[in-house]
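Worksheet: one structure, shown below.
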There are 4 protein chains.
Amino acid sequence: MVEAIDAIAAEIAPKLIGYRRDFHRHAESGWVEYRTASLVARRLANLGYTVHVGSTALSDGERMGLPEPAFLAAQWERAREQGADPVFLEEMRGGMTGVVGELRRGQGPTVALRFDLDALDIDEDQTPAHRPFREGFASLNSNMMHACGHDAHTAIGLGVAEVLARVDDRLRGTLKLIFQPAEEGVRGAKAMVAAGVLDDVDYLVGHHVRSGSAVGEIICGMGGWAATVKFDAWLQGAPAHAGGNPQSGRNALLAAATAIQNLYAISRHGGGSTRVNVGRLEAGTGRNVIPAHAHLVAETRGETQELSDYMYARAMQVLEAAAGMYSCELLVKRMGEAQSAQSDQELSERVQRVAERMGGFRFFAPLSTGGSEDFTFMMRRVQQQGGMATSVGLGADYHGISQAATEGRDGVLGAHTSLFDLDERVLQVAVRLLSAVTLDLMKPRPAL
Amino acid sequence: MVEAIDAIAAEIAPKLIGYRRDFHRHAESGWVEYRTASLVARRLANLGYTVHVGSTALSDGERMGLPEPAFLAAQWERAREQGADPVFLEEMRGGMTGVVGELRRGQGPTVALRFDLDALDIDEDQTPAHRPFREGFASLNSNMMHACGHDAHTAIGLGVAEVLARVDDRLRGTLKLIFQPAEEGVRGAKAMVAAGVLDDVDYLVGHHVRSGSAVGEIICGMGGWAATVKFDAWLQGAPAHAGGNPQSGRNALLAAATAIQNLYAISRHGGGSTRVNVGRLEAGTGRNVIPAHAHLVAETRGETQELSDYMYARAMQVLEAAAGMYSCELLVKRMGEAQSAQSDQELSERVQRVAERMGGFRFFAPLSTGGSEDFTFMMRRVQQQGGMATSVGLGADYHGISQAATEGRDGVLGAHTSLFDLDERVLQVAVRLLSAVTLDLMKPRPAL
Amino acid sequence: MVEAIDAIAAEIAPKLIGYRRDFHRHAESGWVEYRTASLVARRLANLGYTVHVGSTALSDGERMGLPEPAFLAAQWERAREQGADPVFLEEMRGGMTGVVGELRRGQGPTVALRFDLDALDIDEDQTPAHRPFREGFASLNSNMMHACGHDAHTAIGLGVAEVLARVDDRLRGTLKLIFQPAEEGVRGAKAMVAAGVLDDVDYLVGHHVRSGSAVGEIICGMGGWAATVKFDAWLQGAPAHAGGNPQSGRNALLAAATAIQNLYAISRHGGGSTRVNVGRLEAGTGRNVIPAHAHLVAETRGETQELSDYMYARAMQVLEAAAGMYSCELLVKRMGEAQSAQSDQELSERVQRVAERMGGFRFFAPLSTGGSEDFTFMMRRVQQQGGMATSVGLGADYHGISQAATEGRDGVLGAHTSLFDLDERVLQVAVRLLSAVTLDLMKPRPAL
Amino acid sequence: MVEAIDAIAAEIAPKLIGYRRDFHRHAESGWVEYRTASLVARRLANLGYTVHVGSTALSDGERMGLPEPAFLAAQWERAREQGADPVFLEEMRGGMTGVVGELRRGQGPTVALRFDLDALDIDEDQTPAHRPFREGFASLNSNMMHACGHDAHTAIGLGVAEVLARVDDRLRGTLKLIFQPAEEGVRGAKAMVAAGVLDDVDYLVGHHVRSGSAVGEIICGMGGWAATVKFDAWLQGAPAHAGGNPQSGRNALLAAATAIQNLYAISRHGGGSTRVNVGRLEAGTGRNVIPAHAHLVAETRGETQELSDYMYARAMQVLEAAAGMYSCELLVKRMGEAQSAQSDQELSERVQRVAERMGGFRFFAPLSTGGSEDFTFMMRRVQQQGGMATSVGLGADYHGISQAATEGRDGVLGAHTSLFDLDERVLQVAVRLLSAVTLDLMKPRPAL
């Protein structure tokens with residue numbers, strides 16, 4: 001069977017690169033992946049999948065960090081002009097950009113694979129030193145760039161969809177291919193979970209390409225994601241002339257400064273590692289006006305859910321007290337959220353055994369990332385109902401990047417930079433592996 | 001008439017010095033002026049005054065900054081041993097150390113003079129360089145020293161009492177000699193006002209000796225006292241092992257640090273000058289324990305009552321918010337209070353005319369002190385009911401002090417230092433003046 | 001003579017309104033008053049004045065708060081398109097927008113009048129409720145609006161220039177009409193002083209229109225301007241991933257928060273009133289990045305120069321220490337500066353006598369504004385060399401504004417708001433007065 | 001052999017309890033263990049050990065957190081009156097309270113055991129509920145109490161000394177019994193290491209009694225101590241009258257508050273857990289005086305030495321900057337220090353095998369304490385020179401304590417509380433084990 005998969009994967013390899021470059025060129029940031037998502041939906045439909053979009057894929061009210069309506073509308077137009085599928089596009093208005101492709105093949109387990117769609121808010125490098133520019137697939141969209149590899153993930157998803165559609169007689173059970181919007185900022189997964197997409201899943205497999213690791217290197221069972229809450233806080237005070245009657249102002253900047261000092265001073269926790277950051281602050285207007293507003297862009301993290309809850313609760317207490325100290329009104333909005341989670345060892349080992357049988361992989365031990373991923377929402381839901389979940393790390397280091405790391409320029413070229421790129425051979429590798437893993441999980445069982 | 005007063009004042013001058021040195025040697029701090037007050041009461045009674053002590057002189061519940069009961073009791077014993085009057089002492093238990101001597105002489109205005117009794121919490125210098133030590137009248141009482149001249153004020157009060165008792169046929173109306181405890185820390189006047197002592201007063205005259213100004217120099221109409229609140233704040237959190245589980249503590253020191261930064265940062269006010277100070281902080285216990293308590297000793301001031309209210313209200317808001325930020329309980333206690341006040345110009349000028357008639361004075365313009373005095377509570381009460389009040393500044397610079405000022409060592413020798421002393425010639429001068437002013441205010445009016 | 005002036009002023013009154021509306025419509029903010037300044041220079045030249053522009057009017061290096069070169073260049077183009085005088089415009093490249101018109105008429109004193117040219121960084125209201133919009137002279141330029149009356153000041157300057165040019169046979173001495181750029185933010189006067197413009201001036205007269213005061217109301221001898229420094233501070237730290245290795249960042253936002261708390265907590269001063277404000281803060285970039293930079297827009301003030309120096313020195317100490325605490329680099333740039341100053345009483349009274357002779361004025365006592373004005377640099381220079389200076393306040397309340405004040409909406413309609421307007425009758429009044437004052441100061445003296 | 005040891009241990013068990021209660025009754029805090037140490041030295045000498053005291057046991061200059069000379073002298077007198085050994089006492093003046101007993105028995109390894117001597121700064125409970133009080137061995141010394149079990153450790157040391165002296169013909173090599181002062185506050189070990197006491201040691205064994213664990217429960221190989229620095233910081237500013245001229249003060253309390261906020265806000269570290277605490281702050285004097293001094297009692301910790309160094313370096317940077325912000329002078333003094341360390345697995349397992357052979361133990365897995373111990377200085381020195389070190393945890397829960405823990409009153413009765421007590425059966429158990437381990441390590445090797 002592995003041979004059949006290998007053959008199809010090799011056959012479609014050039015197409016995978018084409019997909020990836022097309023998505024890269026039309027990079028779309030979270031909640032406006034209109035073009036990407038509608039084309040994915042169209043392709044899944046063409047391959048014979050039942051396609052879920054709109055509220056069956058995504059719970060409207062649970063979406064976090066949604067952009068302003070005007071932005072959503074303008075981007076929708078942009079996507080239309082850039083060749084989105086008109087039918088699905090219509091159903092995605094207002095940022096409903098989640099897609100699930102489903103294939104029911106009789107009795108058997110429900111297996112789900114997850115692929116994320118969105119780009120980052122980064123302007124891509126537009127110089128010849130950068131291959132995507134040099135070869136003509138740099139992002140056309142301002143302040144949107146696939147600098148984290150989700151373009152590859154989406155292309156892999158389409159590849160897996162094709163392979164499995166072509167060998168679907170070997171499948172027993174239900175296959176779900178989940179294409180998630182707004183992973184950056186950990187904003188989208190929770191809304192797909194809330195829509196019930198994961199409710200019947202027995203096995204859930206995610207993956208992520210990794211820079212700093214060569215193609216063929218693999219980690220079965222990524223883990224150690226920190227739970228996190230991303231939030232914005234607004235403090236609203238009152239302005240006053242700073243020379244004439246400063247006392248009549250309510251100083252939102254002083255409230256913010258007090259909050260910031262005390263946010264970073266939230267006590268360390270004996271139960272494990274925690275984090276807090278105020279990544280951005282904008283406050284005030286004129287030089288001689290008591291600053292009347294402040295906007296904080298912040299996040300808290302915890303090694304476990306309990307630690308994350310502790311940090312967020314303390315952060316709220318600090319912000320409320322600081323606001324009260326200066327008679328400011330406080331508004332806090334959750335902009336994203338992820339949970340801590342661990343890959344199930346049993347499923348991770350099963351993935352590894354499949355990979356061993358396929359050959360061509362070099363295995364590395366499970367790794368605690370310390371970062372955050374909202375795939376964790378999906379993992380937890382599956383695990384809660386007795387299923388198993390795992391995430392696979394796949395080396396995709398682009399030549400220039402590993403070299404840069406050696407030269408200490410890692411920060412310049414790595415993920416989340418304007419010069420990010422990846423080794424496109426990972427596309428075929430990932431399609432082979434994920435297809436094979438799915439076949440293994442869904443293979444017909446002998447009758448008892 | 002002035003001649004009669006002059007003669008008596010000259011006659012009793014040595015006695016005044018004796019009084020002053022006796023009070024100086026047995027200096028007693030606020031609310032424990034048992035010996036001083038009981039001897040004053042005894043002397044007034046002997047001179048024929050009706051003497052009010054206890055709750056007719058002082059409203060028990062309005063006393064601020066009262067020491068602990070154990071301290072009050074121990075000092076009462078100390079006073080007994082140091083020769084307090086046993087009869088009045090008995091009535092002063094628990095810190096009821098206010099005294100009013102009253103002389104009713106028919107129809108006429110009610111005139112009140114005020115003298116303060118208490119010493120400062122300072123250890124007096126015990127070296128030969130300091131005259132009180134050299135001449136054997138340095139304070140016997142630890143951490144109690146007359147370093148502000150109230151010993152002289154009390155001696156002057158007894159002198160005035162004697163002079164006026166001896167010329168009482170020249171008086172029409174009611175004379176009240178008010179001996180106030182606990183002026184330092186502005187703790188005592190409010191309680192005498194609350195007891196009704198000032199309720200019938202038409203003319204109120206206070207005075208203060210002044211270092212940095214020679215004997216004979218006089219200011220009629222001191223003013224510009226800032227309104228102030230003296231308060232202590234206690235923050236109570238919870239301890240925790242700083243290594244093992246710091247998060248379970250509630251850090252009272254961090255709450256205090258946050259409060260302190262924001263107290264000093266209370267906005268300046270367009271309406272005039274304001275002040276805030278946290279003079280002392282004590283917090284925490286062991287090095288490796290999250291500090292669970294903090295004690296702040298603080299004050300706010302304002303050029304006007306409104307400004308003082310603004311500062312105090314903001315201080316409370318800051319403290320409450322800081323406590324809330326760390327889930328600490330906050331207790332605030334007012335330890336003292338004074339109001340802003342101004343001398344009445346008409347009464348001040350009348351005092352000056354009397355002084356001009358007496359001769360021997362050099363006049364200086366009214367001065368805004370910027371400091372605080374709780375005599376202001378008495379002034380305001382009298383002014384509220386249509387009476388007039390003034391305060392007189394009397395030069396009493398001791399040779400060493402003015403010289404020190406010239407040499408820039410003013411801070412070493414001036415008021416509130418362990419080397420403070422005064423020119424005792426001020427005693428006779430003050431007795432002459434205050435007696436003459438009283439006679440002028442109470443002189444018989446021709447029948448209509 | 002007054003009659004002649006009155007007649008000319010009446011004759012040119014419609015022209016004055018035209019000037020004012022033209023300048024209002026083409027409002028230009030500080031250092032880019034290219035159109036206004038070049039047209040003023042052209043008009044002065046046409047009237048026969050010797051015109052100084054460039055480095056004889058303005059010391060290049062002493063200009064504070066200069067915009068970026070790109071902005072200067074773009075605005076220069078804008079001004080060209082909006083009808084600036086091409087000859088003078090050429091000499092004003094790079095923000096050299098100061099103009100001095102000089103008229104030498106033999107032996108006699110040098111008299112200078114000062115007019116400021118610049119608009120504020122405000123978007124003007126574009127609704128029918130706002131007369132300038134309704135009548136078609138609202139600002140065409142984005143984020144630039146004459147909301148402080150400098151359009152009127154410039155128009156008055158041109159009116160005075162015309163009147164005095166037409167009666168110049170009555171003048172003895174030298175007349176200087178100083179048109180100053182960049183008064184807002186107190187950025188421009190120092191550079192004109194540094195160019196020597198005031199070095200020979202015996203009498204200096206400034207003026208300002210006042211909302212909240214009706215046309216005809218006048219204050220001769222404004223004063224009490226606070227000394228101030230306007231400064232920007234930049235803190236540069238280092239970014240780091242807030243989850244992975246926060247310790248490798250150098251947190252510029254925490255440095256800024258620490259600085260801000262301690263800036264507002266700079267001790268009040270016993271010598272008089274002080275102020276400090278951080279009107280704006282922008283810091284950081286991404287939510288999960290330790291913020292690596294912060295930009296503070298701040299000011300300090302003092303009732304006297306000494307107090308202003310105290311505040312600025314302490315502010316620098318606080319900023320440097322906060323930067324050092326987080327290993328950040330600190331850059332501070334002075335963006336504006338004004339001194340404390342007082343009008344000379346003698347000259348103020350002389351202005352008042354002229355006004356009394358002219359009739360039609362209601363006089364109000366000199367007023368301490370508490371605000372800041374960089375006209376003070378000019379006043380001090382003249383006073384230092386033995387000359388006299390004064391500033392005149394002229395009522396120009398627009399109907400809607402005084403009514404609004406009554407209704408408590410003063411903040412909505414007053415100076416520095418998007419709805420500001422003024423009573424244009426002040427133009428004629430001011431031209432009459434300033435022309436008459438100049439004539440009085442420069443009138444021929446009888447030979448001895 | 002084990003039988004011989006068991007027999008001796010059983011024989012001396014009552015004596016061990018006697019020792020422990022005597023030391024408990026005469027509890028002595030760090031650097032004033034004059035009585036305890038001199039009696040230990042006397043006993044070791046009587047048993048035939050070569051005894052090292054003074055500078056061969058303790059490097060004078062490396063002692064941290066030494067009390068004031070007056071306190072040292074007074075306590076020396078107290079110890080003399082309480083029956084210290086007069087000869088050794090003389091050699092211990094000035095807090096030289098370390099003792100090493102040495103037994104050389106030919107060729108073989110050098111084995112060292114360590115026992116700590118000092119009590120805590122706690123007033124022992126003096127109520128019948130507390131057994132030491134009830135049975136007459138509560139501490140006689142004010143603010144000194146054995147609330148951590150070092151009284152038991154010292155008694156165990158004397159027991160081991162006796163057992164091994166009585167079986168010394170079975171020993172080959174050198175035995176060192178190290179009695180260390182001032183473990184509380186991690187102040188003493190470094191000075192014994194600096195004196196060279198550990199320089200020739202091949203095997204080092206420490207132990208600690210544990211509450212919350214029953215007698216017979218044992219952990220072979222305690223570890224995970226955090227590296228820590230204990231330090232005091234003094235800020236010296238300048239006082240000023242808070243009403244009159246606050247600006248002339250240099251506010252040490254504001255500097256301290258700024259430091260404290262930023263100390264707790266020191267960035268968490270990606271490399272592992274860190275801690276910081278300011279356990280106590282005392283600042284200022286009078287309410288109306290700008291506070292001129294502040295004293296902080298603080299500590300930093302890190303899971304590894306590198307993390308500890310990071311925390312301490314950042315703490316110093318914060319303190320220096322805060323001092324500079326308010327022109328205060330900063331003095332910092334290291335009051336204690338411990339390193340991170342791990343028990344050697346090989347030696348820990350050897351101890352466990354000995355215990356298994358002895359029988360009567362229940363084994364628990366090695367535990368990371370998270371606390372700090374300056375035994376780590378000794379462990380690291382031995383490990384650096386190729387030796388091995390381990391620490392053994394021995395259950396000694398007193399009945400009331402484990403019950404209390406169950407009832408959630410652990411904080412009331414546990415270590416470092418005024419109600420601490422221990423199960424004295426641990427004395428015999430520990431003597432047996434440590435003697436047997438030593439014999440095992442020093443047993444004669446067959447000639448090759």
Side-chain angles (χ1 to χ4, degrees), chain A residues 235 237-274 276 288-291 302-304 306-311 313-328 330, chain B residues 235 237-274 276 288-291 302-304 306-311 313-328 330:
Chain A
L235 291 157
H241 189 273
N245 56 342
Q247 77 284 351
S248 68
R250 292 180 279 122
N251 194 325
L253 176 53
L254 253 176
T258 299
I260 286 166
Q261 288 217 310
N262 287 285
L263 284 170
Y264 284 102
I266 291 175
S267 177
R268 287 146 165 91
H269 197 293
S273 79
T274 54
V276 58
N288 64 350
V289 180
I290 300 297
E303 192 177 336
T304 64
E306 182 201 1
L307 290 169
S308 177
D309 291 347
Y310 159 77
M311 289 301 289
R314 284 289 294 127
M316 290 307 104
Q317 185 178 17
V318 165
L319 281 163
E320 282 160 18
M325 194 177 277
Y326 287 93
S327 302
C328 290
L330 172 69
Chain B
L235 291 157
H241 190 273
N245 56 341
Q247 77 284 352
S248 69
R250 292 181 278 121
N251 194 325
L253 177 53
L254 254 177
T258 300
I260 287 166
Q261 287 216 309
N262 287 284
L263 284 169
Y264 284 102
I266 292 174
S267 176
R268 288 149 166 88
H269 198 292
S273 78
T274 54
V276 58
N288 64 349
V289 180
I290 299 296
E303 192 177 336
T304 65
E306 182 201 1
L307 290 169
S308 176
D309 292 347
Y310 159 76
M311 290 301 289
R314 284 289 293 126
M316 290 307 103
Q317 185 178 16
V318 165
L319 280 162
E320 282 160 17
M325 194 177 277
Y326 287 93
S327 302
C328 290
L330 172 68

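Side-chain atoms are counted along with the backbone in the values below, which use heavy atoms only and exclude waters and symmetry mates. Chain letters run A, B, ... following the sequence lines, proteins first and then strands; every chain starts at 1.
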Check: residues 320-327 of chain B side-chain donor-acceptor pairs under 3.5 Å, at least two apart:
{"unit_1": "B:Tyr326", "atom_1": "OH", "unit_2": "A:Asn262", "atom_2": "OD1", "d": "2.6"}
{"unit_1": "B:Ser327", "atom_1": "OG", "unit_2": "A:Gln317", "atom_2": "NE2", "d": "2.6"}

Next on the checklist: Report, in residue-number order, which members of residues 251-258 of chain B are under 4.5 Å from chain A by heavy-atom distance.
Outcome noted: B:Leu254, B:Thr258
Taking all non-hydrogen atoms of both residues, which atom of [X] and which atom of [Y] are closest, and how far apart?
{"X": "B:Leu319", "Y": "B:Ala259", "result": "CD2-CB, 3.8 Å"}
{"X": "A:Ser273", "Y": "A:Leu307", "result": "O-CD1, 3.8 Å"}
{"X": "B:Val289", "Y": "B:Ala242", "result": "N-CB, 4.3 Å"}

Checklist outcome for this item: Hits for side-chain contact (heavy atoms from CB on, under 4.5 Å) against B:Gln247, two or more places apart or cross-chain, chain-then-number order -> A:Ser267, A:His269, A:Tyr310, B:Asn245
Checklist outcome for this item: Residue set satisfying side-chain contact (heavy atoms from CB on, under 4.5 Å) with A:Asn288, at least two apart, ordered chain then number -> A:His241, C:Glu299, C:Arg301
